[in-house]
Visitor: 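I'd like to ask you about the structure that follows.
Chain naming here is simple, since letters A, B, ... match the order of the sequence lines and numbering starts at 1 in each. When reading the values below, keep in mind they use all heavy atoms of this one structure, side chains included, and skip hydrogens, waters and symmetry mates. Note that the coordinates shown come from a computational prediction; the quantities given were computed from them, not determined experimentally.
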2 protein chains.
Amino acid sequence: MNLKELSSILGLSQTTVSRALNGYPEVSEETRRRVKAAARDNNYRPNPRAMGLATGRTRTIGHVIPVSTQHEIVNPIFADFIAGAGEVYARNDYDMLLSVVADVDEERIYRQLASRGSVDGVIVHGPRENDPRVALLQEVGLPFVVHGRAGAGDGAYSWVDVNNRHAFERATNFLIDLGHDRIALINGVETMDFARRRREGFLKAMKGRGLHPDASLMRSEEMTEFYGYRVAREMLMAPAPPTAFLISSMITAIGVRRAVEDLGMKLGREVSVVIHDDELSYLRNGEDIPIFSATRSSVRSAGQLCADMLLDIIRQPGQPPRQRLLEAELTVGLSTAPAPKIETARRAERR
Amino acid sequence: MNLKELSSILGLSQTTVSRALNGYPEVSEETRRRVKAAARDNNYRPNPRAMGLATGRTRTIGHVIPVSTQHEIVNPIFADFIAGAGEVYARNDYDMLLSVVADVDEERIYRQLASRGSVDGVIVHGPRENDPRVALLQEVGLPFVVHGRAGAGDGAYSWVDVNNRHAFERATNFLIDLGHDRIALINGVETMDFARRRREGFLKAMKGRGLHPDASLMRSEEMTEFYGYRVAREMLMAPAPPTAFLISSMITAIGVRRAVEDLGMKLGREVSVVIHDDELSYLRNGEDIPIFSATRSSVRSAGQLCADMLLDIIRQPGQPPRQRLLEAELTVGLSTAPAPKIETARRAERR
DNA sequence: GACAGCAACCAAAGCGCTTTGGATTGATTC
DNA sequence: GAATCAATCCAAAGCGCTTTGGTTGCTGTC
């Protein structure tokens with residue numbers, strides 16, 4: 001069923017039927033009702049390609065998800081983010097176009113999306129420091145929202161981000177308040193903007209409390225389980241082990257826990273851990289009581305916010321860029337406890 | 001730059017340029033070269049919407065990913081599957097259209113995709129027993145490949161699946177060979193086809209070896225970490241605890257390990273575990289030595305296979321349906337050991 | 001009674017491509 | 001030398017929609 005058929009059934013012109021369906025005023029209410037009823041009865045759906053051709057708009061949003069070339073890792077938060085954004089698209093009758101791309105090919109893909117006009121806008125995933133994609137998208141004039149931030153010049157583009165700096169500053173202070181002073185930071189790759197900010201927050205709190213961050217206790221790698229295991233094992237077996245870990249990802253924290261338990265210790269007793277929890281649907285942080293104490297912020301709702309913001313920008317172009325900074329909750333779970341006394345004693349002894 | 005402009009630059013008709021670019025024979029090789037060079041130089045890209053309108057084909061594959069309504073869980077294998085399929089699409093210049101849909105809305109979405117003609121084919125994710133989507137897609141005549149199987153009538157449609165039954169049969173036999181006879185099955189939701197088959201494999205092995213599967217040791221739920229924790233804890237504290245667990249997902253196994261260690265035991269000593277490992281990029285099963293003994297099959301390469309198969313079906317319609325059954329590897333890791341002697345002794349005592 | 005103004009409708013062009021049904025050439029055949 | 005044929009090329013229709021630039025008929029105004 002297409003417009004032509006529908007309008008001939010109704011004995012109206014295509015123009016009138018199109019206008020009736022799209023809410024234009026130069027059509028009587030009576031006619032509009034008739035048209036809408038007929039459209040429903042005949043199960044008429046406008047062909048999106050034809051609509052796109054005629055209008056230049058596509059009702060499609062592009063998501064380019066980068067796959068790390070070295071490790072072939074797909075970001076685990078991606079599925080939940082997409083689920084959040086997808087809900088919004090479904091509600092607003094938009095489609096989502098996905099390109100999975102080796103990170104080196106990204107620029108080409110973005111240019112292609114823009115020049116082909118296959119999408120009305122894009123969401124930028126996994127921004128790095130001074131990410132070139134921001135300038136690129138501004139240059140080609142494609143509306144976009146960044147999930148996260150891309151370094152300096154925050155005001156020049158639209159983004160939705162968690163206040164990573166503040167979250168990790170608070171988490172660090174929380175550990176210090178519990179008496180910990182040897183705190184390890186198990187971070188993600190620090191070319192990623194979010195990881196850099198988390199490190200800043202950690203350092204700010206440490207210095208603010210007069211503590212010297214130990215370089216050997218700060219690591220930055222792709223956030224796998226094995227990374228957590230390896231690094232934690234190494235640190236805990238070293239002469240001056242940490243008593244607490246601040247960990248960028250739940251998956252890495254699972255590796256840390258494995259190392260801790262392999263060495264015959266217990267989380268939330270000899271060793272404390274605070275993680276950042278993205279509230280991934282398939283990896284919930286416990287049920288009633290969180291397994292890990294955590295800074296918490298739902299990646300799924302970030303997906304919703306990004307999508308909503310982008311649709312808004314597309315609907316009303318020419319506005320100043322928009323930003324949304326989310327504060328993470330700090331939730332206490334089973335993985336934190338006061339720094340062990342023995343340690344304190346031993347350290348006092350050394351002085 | 002569009003066809004019209006390009007052809008006027010070349011002094012040729014749109015027809016000829018179009019034919020030259022699309023490899024039709026009625027164009028001289030000399031002209032074809034000129035046209036291709038000009039297209040490259042002018043960075044010409046055909047507008048996919050216009051192409052779609054004219055041909056009825058869209059070079060787009062639909063992926064409908066269901067989100068469980070009860071638990072709002074996005075399947076964790078999804079990201080890696082998509083990465084695999086996405087590679088294939090990129091290579092073949094196809095796009096991927098993603099719809100995230102509450103499982104109750106699925107039928108509507110599939111019908112919409114078909115009637116709007118927004119995709120040339122779809123991949124069916126997470127098939128359930130006697131999944132209605134198979135009949136639906138056959139009815140509307142949209143090419144499709146199922147990732148997994150949808151119960152009976154395997155020969156009537158195209159699919160790519162792991163031999164779940166055989167994998168779990170082997171895994172069970174492996175545990176029995178190690179002397180285990182109280183083996184727990186921590187399965188996924190058994191309305192899912194894959195989970196049902198795994199259960200069958202488990203039961204077949206048990207019965208084949210003269211063991212009576214204990215109903216209280218067989219569970220079936222959404223595969224979260226907490227599910228593993230809760231169920232394992234419960235089973236291990238019961239009067240007749242299992243000595244081994246067969247677990248459908250790595251994430252659930254992580255919960256099981258947590259329970260085991262909470263109770264002061266060790267995996268690969270008092271308690272053995274075999275999992276199914278989908279080789280998720282962000283959740284590798286250890287580095288050199290697998291953390292968990294596992295039946296292993298890469299979900300990413302399943303994504304590639306599904307996509308390749310679907311593109312093939314689209315290119316050459318009218319062929320009989322195609323199937324691909326993958327055998328999982330059985331890899332031995334740190335989580336399995338012979339059944340503890342004490343148990344054997346205690347059991348002997350009871351007789 | 002002429003005219004403006006308005007509400008309601010429509011014909012046809014246009015979006016950028018493919019494809020049908022020729023047209024034009026030069027070579028080949030008898 | 002006329003007819004045939006293959007090789008190239010082209011004009012124009014068509015895909016299904018939106019939108020421009022109307023037309024038509026009616027009401028109200030002076």
Visitor: Is a side-chain donor or acceptor of Gln323(B) paired with a backbone partner of Tyr157(B) at a separation under 3.5 angstrom?
Guide: yes
Visitor: Only counting residues at least two apart or in another chain, list the ones meeting side chain to side chain donor-acceptor pair (under 3.5 Å) with Asn75(A).
Guide: none
Visitor: Can you give one letter per nucleotide of nucleotides 9-15 of chain D, 5' to 3': B if a protein heavy atom sits under 4.0 Å from the base, S if only from the sugar-phosphate, - if neither?
Guide: BBBB-BB
Visitor: Let's see if you get this right: which residues in residues 34-46 of chain B place a heavy atom under 4.0 Å from DNA chain D?
Guide: none
Visitor: Taking distance alone, no hydrogens or angles, what donor-acceptor pairs closer than 3.5 Å link side-chain atoms of residues 121-131 of chain A to residues at least two apart or in another chain?
Guide:
unit_1    : atom_1 : unit_2    : atom_2 : d
His125(A) : NE2    : His63(A)  : ND1    : 2.9
Arg128(A) : NH2    : Glu106(A) : OE1    : 3.0
Glu129(A) : OE2    : Arg196(A) : NH1    : 3.1
Asp131(A) : OD1    : Arg133(A) : N      : 2.9
Asp131(A) : OD1    : Arg133(A) : NE     : 2.8
Asp131(A) : OD2    : Arg128(A) : N      : 2.9
Asp131(A) : OD2    : Arg133(A) : NE     : 3.3
Asp131(A) : OD2    : Arg133(A) : NH2    : 2.7

Visitor: Could you state the CZ-P distance from Arg32(A) to dA7(C), rounded to the nearest angstrom?
Guide: 14 Å
Visitor: Over how many whole Å does the gap from Glu5(B) atom CD to dC17(C) atom P extend?
Guide: 9 Å
Visitor: In degrees, rounded to 10°, what is the bend between the two ends of the helix from dG1(C)-dC30(D) to dC30(C)-dG1(D), using five pairs at each?
Guide: 60°
Visitor: Which whole-number value in Å describes the distance from Leu6(B) CG to dC17(C) P?
Guide: 9 Å
Visitor: In whole angstrom, give the distance that lies between atom CZ of Arg57(A) and atom P of dT18(D).
Guide: 10 Å
Visitor: Would you mind reading off the distance between Met51(A) atom CE and dG16(C) atom C1', rounded to a whole angstrom?
Guide: 17 Å
Visitor: Taking only distance into account, with no hydrogens and no angle test, what donor-acceptor pairs under 3.5 Å do side-chain atoms of residues 91-101 of chain A form with protein atoms, sequence neighbours excluded?
Guide:
unit_1   : atom_1 : unit_2    : atom_2 : d
Asn92(A) : ND2    : Val88(A)  : O      : 2.8
Asp93(A) : OD1    : Arg116(B) : NH2    : 3.4

Visitor: Suppose we screen for salt bridge (charged side-chain N to carboxylate O under 4.0 Å, His left out). Which residues come up paired with Arg49(A), at least two apart in sequence or across chains?
Guide: none
Visitor: Test of understanding: with side chain to side chain donor-acceptor pair (under 3.5 Å), list the residues that count as partners of Asp308(A), not counting sequence neighbours.
Guide: none
Visitor: Please collect all salt bridge (charged side-chain N to carboxylate O under 4.0 Å, His left out) contacts where either partner lies in residues 137-146 of chain B, sequence neighbours excluded, each pair once.
Guide: Arg111(B)-Glu139(B)
Visitor: Quick check against the 3.5 Å criterion: does Ser7(B) have a side-chain atom that pairs as donor or acceptor with the backbone of Leu3(B)?
Guide: yes
Visitor: Round to the nearest Å and state the distance from Asn22(A) atom CG to dG16(D) atom P.
Guide: 17 Å
Visitor: In Å and rounded to the nearest 0.5 Å, what is the CG to CZ distance from Leu311(B) to Arg59(B)?
Guide: 8.5 Å
Visitor: Rounded to whole angstrom units, what separation is found between the CG atom of Leu21(A) and the P atom of dT18(D)?
Guide: 8 Å
Visitor: How would you list all residue pairs meeting salt bridge (charged side-chain N to carboxylate O under 4.0 Å, His left out) that involve residues 312-322 of chain B, not counting sequence neighbours?
Guide: Asp312(B)-Arg322(B)
Visitor: Would the distance check show the side chain of Gln304(A) and the main-chain N or O of Gly86(A) forming a donor-acceptor pair, the cut-off being under 3.5 Å?
Guide: no
Visitor: Only counting residues at least two apart or in another chain, list the ones meeting side chain to side chain donor-acceptor pair (under 3.5 Å) with Gln319(A).
Guide: none
Visitor: Each nucleotide N or O in nucleotides 23-27 of chain D that has a protein N or O under 3.5 Å away: list the pair and distance.
Guide:
none

Visitor: Under the 3.5 angstrom rule, does the side chain of Arg324(B) hit a backbone N or O of Trp159(B) as a donor-acceptor pair?
Guide: no
Visitor: Please give, in whole Å, the distance from dA6(D) P to Tyr24(B) OH?
Guide: 21 Å
